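Remember, predicted model here, so these are calculated numbers, not experimental data. The basis for the numbers below is simple: all heavy atoms, side chains too, and nothing from hydrogens, waters or symmetry mates. Chain identifiers are assigned alphabetically (A, B, ...) following the order of the sequence lines, protein sequences preceding nucleic acid strands; residue numbering begins at 1 within each chain.
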2 protein chains.
Amino acid sequence: MHEDSRSNWRHNFLDGHVPSPIQSYLDDLLHRMLQNAQGEVATYIPELGKADPEALGICITMADGTIYTSGECDTEFTIQSMSKPFTYGQALKLRGPEAVLKRVGVEPTGEAFNAIILDEEKNRPFNPMVNAGAISVANLLLGPASQDDMLSLFSNLAGRSLTLNESVYRSKIATGHRNRAIAYMMLNTGMIDNDPEEVLKLYFQQCSIDVTCQDMAMMGATLANLGVNPKTGVQVIEPNYVQSILTLMNTCGMYDYAGQWAFEVGIPAKSGVAGGIIAVIPGQAGISVWSPRLDEHGNSVRGVAVCQELSRRFGLHVFGEKAHSSTVIRRSYPLGEICSKRIRSLSERAFLTAHGSKVMANELQGTLYFASAEMVIRRLTEGASELSDIIVDFSRVHNIDDAAAHLLMAAFDDFLKQGRRIRLSGMRPELPFSACIKEKQRDLANLLLFPDLDDALEAAENKVLEGHFEEFDTAKYEMSKLDLLRGLSDLEYGVLENLVRIYSYGEGEKIVSEGDDAASFYIIANGLADVVINMGEGRNKRLASLGPGASFGELALVEGGRRTADVIAAQSTMCYVFPVEGMLKAAETHPNILIKLLCNMVGNIASRLKHANDEIRGLQ
Amino acid sequence: MHEDSRSNWRHNFLDGHVPSPIQSYLDDLLHRMLQNAQGEVATYIPELGKADPEALGICITMADGTIYTSGECDTEFTIQSMSKPFTYGQALKLRGPEAVLKRVGVEPTGEAFNAIILDEEKNRPFNPMVNAGAISVANLLLGPASQDDMLSLFSNLAGRSLTLNESVYRSKIATGHRNRAIAYMMLNTGMIDNDPEEVLKLYFQQCSIDVTCQDMAMMGATLANLGVNPKTGVQVIEPNYVQSILTLMNTCGMYDYAGQWAFEVGIPAKSGVAGGIIAVIPGQAGISVWSPRLDEHGNSVRGVAVCQELSRRFGLHVFGEKAHSSTVIRRSYPLGEICSKRIRSLSERAFLTAHGSKVMANELQGTLYFASAEMVIRRLTEGASELSDIIVDFSRVHNIDDAAAHLLMAAFDDFLKQGRRIRLSGMRPELPFSACIKEKQRDLANLLLFPDLDDALEAAENKVLEGHFEEFDTAKYEMSKLDLLRGLSDLEYGVLENLVRIYSYGEGEKIVSEGDDAASFYIIANGLADVVINMGEGRNKRLASLGPGASFGELALVEGGRRTADVIAAQSTMCYVFPVEGMLKAAETHPNILIKLLCNMVGNIASRLKHANDEIRGLQ
């Protein structure tokens with residue numbers, strides 16, 4: 001994510017950048033909605049009657065914090081019933097779901113917001129989105145510092161410091177007789193166990209907090225972002241309570257219009273009597289609309305109309321036609337089809353191609369949840385009985401949910417029990433799966449972890465090659481066995497033997513440094529060396545790994561110039577070093593040495609180019 | 001998708017393959033659930049009382065048709081109320097949503113399944129998942145061939161021919177007094193306008209169809225798969241009606257337990273009095289459980305328990321913590337960083353690197369919906385004022401919903417209005433977006449479509465290079481200007497001029513054929529040629545495109561052997577052809593010709609290898 005993607009799009013827009021079609025659409029939508037003058041401003045609390053009936057603000061805040069606004073998005077109004085989902089979440093957190101469920105149910109009522117009905121069987125309010133339920137929730141939150149706690153909860157949700165609207169609060173206390181009746185009825189049935197006046201005070205306070213349309217969209221984005229406020233990064237609500245809140249907003253959030261809303265709009269939402277609506281598109285965005293004129297259900301007329309159009313226009317219905325990604329398996333291939341960066345001799349490469357089919361590598365991508373994990377384990381188990389090793393690369397997996405983690409772990413267990421090896425790579429520590437794999441690995445010798453896919457491939461290749469290729473002798477070598485020098489006459493080998501020098505390097509020692517003059521080329525007699533480039537910020541990237549017989553720096557023969565990468569001994573390593581000047585001089589009398597060497601180089605590089613092109617085709 | 005992925009997993013399992021952890025889990029779940037003997041078999045229809053109270057079947061059918069079963073999944077029982085979502089969908093299709101909404105509402109009632117209550121204001125049943133609503137729906141479906149239509153609807157949903165259970169049907173007709181009362185009450189209020197006995201017959205028929213647990217899971221998978229039966233590929237329900245059906249299953253599917261179900265399980269579902277439950281995980285799978293003992297709400301005791309556990313275990317709650325893929329932009333890069341397969345000269349390549357930053361290529365992947373499209377247009381518009389061309393590749397985009405299509409189109413319009421060029425590639429015809437882009441393209445000269453990204457890159461490169469490099473002369477050439485032959489003496493060029501021959505090829509003519517002896521190498525004097533390999537099944541793949549000055553077949557000089565690809569003239573093309581034998585003979589007296597040529601080859605191939613390695617790094 002680029003840093004500026006968290007900034008307000010509006011600013012970019014005003015700075016003269018290309019306008020966003022989302023911004024243009026919202027401005028047009030605002031313009032059209034301003035024509036709609038239906039409904040009446042609520043007057044049952046005198047303070048609410050003072051609102052400007054023409055006011056309209058629309059705000060969309062993406063789950064990454066990007067904000068789109070149109071109209072009056074900075075004007076304050078009282079949050080009213082839009083506070084209910086959040087105090088319910090707070091009660092779940094402080095009292096636990098069991099205690100909360102005893103005091104308020106989860107059934108839609110189909111009744112109006114201020115209905116005085118309780119569940120006949122259990123005596124509790126039907127759900128926390130109607131007044132009775134919210135008052136019961138306030139009873140659960142009552143404590144020594146409840147008002148401060150309340151303000152701090154909503155300030156955390158908005159990502160800025162919010163305050164109480166004292167005059168609305170006092171107006172509510174003075175006129176909230178119906179809610180008073182509800183509270184006393186619940187005291188009578190034992191649903192609330194504090195002084196009803198204190199409970200009502202807290203309830204009236206939560207409803208009297210001043211917010212803007214932007215604040216509410218940020219609260220919605222916080223729910224969309226699994227409870228983390230995208231502006232501040234603070235986890236305000238636990239993810240498991242987000243699920244409960246969204247469910248109740250979806251079934252009960254819009255009073256007796258809730259069923260129709262779920263049917264037509266299909267976005268968890270909550271409205272307030274001051275004309276606000278907050279709506280949440282899980283994983284995507286929070287939406288807020290504010291316009292004071294209400295319909296007969298008590299919902300903002302323009303607010304409902306805006307949400308209806310946004311849902312249709314942007315395909316936001318929770319049960320709408322959604323395409324699920326079906327390509328969680330990026331590619332699968334046997335060893336040898338794609339090779340590690342370890343440079344192998346021609347004969348080693350041929351052996352890997354011939355015997356690599358007992359090892360299957362699988363690169364995963366995207367998000368692993370139930371159905372996508374099912375595809376992965378189906379692929380893994382296909383033909384698994386023919387395999388000795390399975391490589392699974394997670395470097396492109398964004399997230400693994402618990403369900404997928406359990407399924408994968410169970411599949412791995414089955415393989416391991418059958419004596420197969422599992423090699424996992426690219427398991428970033430922030431994936432929750434990572435910890436349980438590491439835990440498991442302690443007991444299981446055949447569950448192997450690698451930082452990246454290349455390491456896993458190299459280790460699997462080494463295992464396949466093990467015992468089939470003799471190591472080069474440390475003291476003596478036959479030039480005719482080296483790929484780069486094959487096909488010369490004995491006389492010509494004699495000339496080379498007079499030119500070559502032997503150098504030894506300790507582990508970690510630089511053999512060649514980027515930027516150095518390229519005055520000689522190298523063949524590894526024994527040991528192992530890595531070709532490494534500096535990626536900046538202190539990070540190195542291994543381009544290739546070179547074992548006995550591999551050559552490097554040959555381009556010096558053709559181009560001279562400077563080294564383009566470091567070569568570092570990965571272990572104690574011995575190299576044959578050929579000085580370029582000496583070679584060119586020798587070529588004057590023995591041109592065939594240079595011609596053969598160049599031919600071998602062309603063949604070698606061309607084979608690597610062919611392999612690289614195959615790999616590109618595979619990657620695409 | 002592999003063909004066998006549509007087969008029954010169970011078969012693979014029995015064939016001795018590695019077991020699926022999903023299968024093992026279901027078997028374990030079945031075993032545990034068999035211990036639960038709570039609840040009572042329904043007896044209000046005498047036929048139902050004959051069911052085996054111990055029966056239990058669990059079936060999960062993935063949206064791609066893969067089936068997992070445990071227990072009694074092939075035993076028939078009557079569908080009962082699980083038919084309601086589907087007849088409702090059929091009424092929406094045949095009568096249209098408006099007519100249906102007049103006869104049945106969409107509000108959850110919180111009432112029992114057989115409640116005799118109607119919406120006071122509109123006189124209609126609250127929703128189609130309670131008996132009154134379903135009878136009202138049956139009234140809408142009544143017609144000359146209703147019973148056949150009904151059986152054919154459910155057979156299409158199950159993907160096999162279903163039949164009526166005559167004895168249950170007759171039992172229902174004989175004892176369905178309460179439903180008779182409901183029907184007459186609705187006749188009284190004008191909600192039904194056919195003979196109530198005929199309406200009830202159809203309603204009793206729809207409830208008396210014999211199904212198995214596997215049938216119901218396939219019906220669920222059909223809803224999960226946007227209305228297309230994954231076994232037969234038949235679109236049984238339109239996608240927009242799937243949304244309505246799922247919404248009502250979610251809010252009203254489990255009688256007066258619906259709110260608690262939405263809260264705890266959070267999967268759209270419907271239960272039937274014979275002990276069946278069908279549940280749908282949109283985009284993922286259909287689930288069915290059958291076990292005849294019912295709880296006090298009329299839902300299968302074990303069925304509810306199985307769904308509760310599956311939802312928790314596999315993270316299936318519709319508002320559960322779901323990770324959304326955030327990597328819809330695969331990569332973005334300026335022209336020159338990644339090149340087309342057109343082989344460019346060293347100087348052309350340098351020019352592209354220096355001047356390519358006015359063209360930005362963007363490769364998209366995954367699914368484009370509101371929030372992911374928002375990210376794309378944000379990226380596209382960032383710095384757009386500096387660009388002349390934007391390339392957008394769709395070849396890895398699985399799906400684009402309407403919302404995303406509109407947003408992208410609006411963004412493209414803005415660019416085009418500013419005189420910039422938009423180059424789109426990989427837009428497969430099955431993407432709905434494809435048609436509207438093609439429509440638009442007719443009017444807009446700067447909206448350019450390419451079959452794949454490589455074509456788009458090549459065209460953009462050509463545009464950048466246009467006017468900066470003179471074409472090679474068709475009649476004469478200077479050997480010293482050719483990359484492959486640079487650095488020779490005049491005497492040596494003279495030797496080559498005696499060896500070279502000139503050939504002309506018409507468009508489409510083969511210059512070199514795969515498998516031919518490699519006896520000469522080529523340099524293009526003018527024209528354009530494609531290096532092509534046969535991918536099997538008549539498909540060709542272009543590996544590279546070669547313009548004037550580019551060489552091919554040079555490996556013949558080193559390895560001899562046979563051609564590994566076809567080279568075909570893409571237009572009228574003239575080549576300089578150098579015979580390998582003649583070159584090797586000339587090298588005996590003029591070794592420097594061969595040495596220089598090999599050095600140039602090494603430099604050229606090494607530069608291509610470096611580029612290929614860079615591209616691999618980019619792709620990873």
Side-chain angles (χ1 to χ4, degrees), chain A residues 18 21 62 106-110 226 239 243 246-247 251 259-260 262-263 266 282-285 314-315 317 319-325 366-367 370-371 374 377 381 384 398-399 401-403 407 410-411 414 555 558-559 591 594-595 598-599 601-603 605-606 608-609 612-613 615-616 619, chain B residues 18 20-21 62 106-110 226 239 243 246-247 251 259-260 262-263 282-285 314-315 317 319-325 366-367 369-371 374 381 384 398-399 401-403 407 410-411 414 555 558-559 591 594-595 598-599 601-603 605-606 608-609 612-613 615-616 619:
Chain A
V18 177
M62 307 305 294
V106 294
E107 292 295 327
T109 62
L226 296 174
Q243 169 180 315
L246 293 178
T247 302
T251 51
Q260 188 78 20
F263 193 75
Q284 298 196 58
F314 291 138
H317 195 293
F319 293 118
E321 184 175 343
K322 275 181 197 55
H324 283 250
S325 168
T367 302
F370 173 61
E374 189 271 340
I377 59 177
T381 48
H398 313 130
N399 215 334
D401 76 6
D402 276 354
L407 286 173
D414 284 341
L555 282 181
V558 174
E559 305 179 327
L594 193 52
I595 289 173
L598 286 168
C599 282
M601 272 172 73
V602 168
I605 304 178
R608 280 162 63 186
L609 178 60
N613 283 334
E615 191 162 342
I616 289 170
L619 286 168
Chain B
V18 176
S20 163
M62 307 304 294
V106 294
E107 293 293 327
T109 63
L226 295 173
Q243 168 179 317
L246 293 177
T247 301
T251 51
Q260 189 78 19
F263 192 75
Q284 298 196 59
F314 291 139
H317 195 293
F319 293 118
E321 184 174 344
K322 275 180 197 58
H324 284 251
S325 169
T367 301
Y369 51 93
F370 173 61
E374 189 271 340
T381 49
H398 313 130
N399 215 334
D401 75 5
D402 276 354
L407 287 173
D414 285 339
L555 282 182
V558 174
E559 305 179 327
L594 194 51
I595 289 173
L598 286 168
C599 282
M601 273 172 73
V602 168
I605 305 178
R608 280 161 64 186
L609 178 62
N613 283 334
E615 191 162 342
I616 289 170
L619 285 168

Minimum heavy-atom separation for [X] to [Y], with atom names?
{"X": "B:Pro108", "Y": "A:Gly259", "result": "CD-CA, 3.8 Å"}
{"X": "A:Ala403", "Y": "B:Gly315", "result": "CB-N, 4.0 Å"}
{"X": "B:Gln260", "Y": "A:Glu107", "result": "N-OE2, 2.8 Å"}

Partners passing ring-ring contact (aromatic ring centres under 6.0 Å, His included) against A:Phe370 (at least two apart in sequence or in another chain):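 Here the qualifying residues are B:Phe314.
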Output all residues satisfying side chain to side chain contact (heavy atoms under 4.5 Å, CB included) with A:Ala262, sequence neighbours left out; order by chain, then residue number.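 With neighbours one apart ignored, the set is B:Thr247, B:Thr251.
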Residue B:Leu407 versus chain A: region with a heavy atom under 4.5 Å: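 For B:Leu407, backbone and side chain are both near chain A.
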With a 4.5 Å limit on heavy-atom distance, are the side chains of B:Ser20 and A:Thr381 in contact?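 No - every pair of side-chain heavy atoms lies 4.5 Å or more apart.
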Name the member of B:Asp402, B:Leu594, B:Val558, B:Asp401 that forms the most heavy-atom pairs with chain A at distances under 4.5 Å.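 Highest number of pairs under 4.5 Å: B:Val558.
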Using heavy-atom distances under 4.5 Å, tell me whether A:Ile595 contacts chain B through its side chain, its backbone, both, or neither.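 A:Ile595 touches chain B through backbone and side-chain heavy atoms alike.
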Please state whether the side chain, the backbone, both or neither of A:Ile605 comes within less than 4.5 Å of a heavy atom of chain B.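 Contact with chain B is through both the backbone and side chain of A:Ile605.
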